[in-house]
Amino acid sequence: MKVLVLLSGGIDSTTCLALAIEKHGRENVEAISFNYGQKNIKELAHAKEICKFYHVNLIEMDISKLFSFSKKCAMLSHNNLELSHQTYDKQFENLKENENVISNVPFRNGIMLSICAGYAIENNLSKIYYGIHREEGIAYDLYPDCSTEFNKSMNEAIIAGSGRKVEIEAPLCNLSKREIIKLAVDKNVPLDLTWTCYDNEEVACGLCNSCTDRIKAFKELGLIDPIKYRRLT
Ligand SMILES: [Zn+2]
């Protein structure tokens, strides 16, 4: 069986890649990364390094113009909006009706998984691995395309739309960030090569929601994070 791994260059998707390689053998694994016009374009270089480390083929998909309709998402470079350093609870409190958090890229997982499904059908790949994890607290509602409901429905759509040839595998969907890092350490995932930060600076900011989640999880596990931060809270 040949499989495709949606790789962002972060801890979750890199752990997914490690699990896919362990199960199917690296000769049966391809990775795919997306340039979707993200501010943190650096993550793509990290995805490349990770694929070099594992000796797997990387497909670099350019959909950088696709989200040009978006005016409200601070993850996209064309918007020139500041990302929030507030907690998700605080951001939720300040949300107006029908508004999303500024870091929500509209339906990103749905769009990427659809492209992955098309690629998988064309190239006879049977599974698409992606790294959604168990969102805790309010984050679950803030990122609906990371929810278990989304995952189940998207899987059904891909199975039906591919004539039962392709399905989704989300091996981390019941794990917290802390549990994923523990698993990653057990599987010798090269965490020093991963990029988590929403920013695109030389070193990770240490302040964005993505950095703070990572820092908190390492701290709770009593482990040393191998990457550098500009500032630790
Ligand atoms: Zn950051």
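Since the model is a prediction, treat every value here as computed from it, not as a measurement.
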Partner residues of Glu30 under the salt bridge (Lys or Arg N to Asp or Glu O under 4.0 Å) criterion, sequence neighbours left out: none
Atom pair CD1/CG of Ile180 and Asp12 - distance to nearest 0.5 Å: 4.0 Å
Check against side chain to side chain contact (heavy atoms under 4.5 Å, CB included), Ile50 and Thr194: CA-CA 8 Å; Ile50 290 158; Thr194 60; 4.3 Å; yes
Charged N-O contact under 4.0 Å between Asp225 and Lys219: no
Ring centre gap for Tyr129 and His24 strictly below 6.0 Å: yes
Whether Thr196 side chain and Ser210 backbone form a donor-acceptor pair below 3.5 Å: no
Name each donor-acceptor pair under 3.5 Å that joins a side chain in residues 199-209 to protein atoms two or more places apart or in another chain, with its distance.
from: Asn200; atom 1: OD1; to: Ile41; atom 2: N; distance (Å): 3.2
from: Asn200; atom 1: OD1; to: Lys42; atom 2: N; distance (Å): 2.8
from: Asn209; atom 1: OD1; to: Gln91; atom 2: NE2; distance (Å): 2.9
from: Asn209; atom 1: ND2; to: Gln86; atom 2: O; distance (Å): 2.9

Residue pairs passing the salt bridge (charged side-chain N to carboxylate O under 4.0 Å, His left out) test where at least one lies in residues 151-161, sequence neighbours excluded: Lys152-Glu156
With His46 via ring pair (Phe, Tyr, Trp, His ring centres under 6.0 Å) - residues at least two apart: Trp195
Cluster check Tyr36, Ile111: I/L/V/M/F/W/Y, side chain < 4.5 angstrom: yes
Backbone of Glu169 reached by a side-chain donor or acceptor of Asn155 within 3.5 Å: no
Met112 with Tyr143, same ILVMFWY side-chain cluster at under 4.5 Å: yes
Note: Glu49-Lys52 ion pair, threshold 4.0 Å (strictly below): yes
Partner residues of Phe107 under the ring pair (Phe, Tyr, Trp, His ring centres under 6.0 Å) criterion, sequence neighbours left out: Phe150
Backbone of Cys197 reached by a side-chain donor or acceptor of Asn40 within 3.5 Å: yes
Residue pairs involving residues 90-109 (criterion salt bridge (charged side-chain N to carboxylate O under 4.0 Å, His left out); sequence neighbours excluded): Lys90-Glu93
N/O donor-acceptor pair under 3.5 Å between Lys71 side chain and Ser68 backbone: yes
Ser13-Ser8 side chain donor-acceptor pair, cut-off 3.5 Å: yes
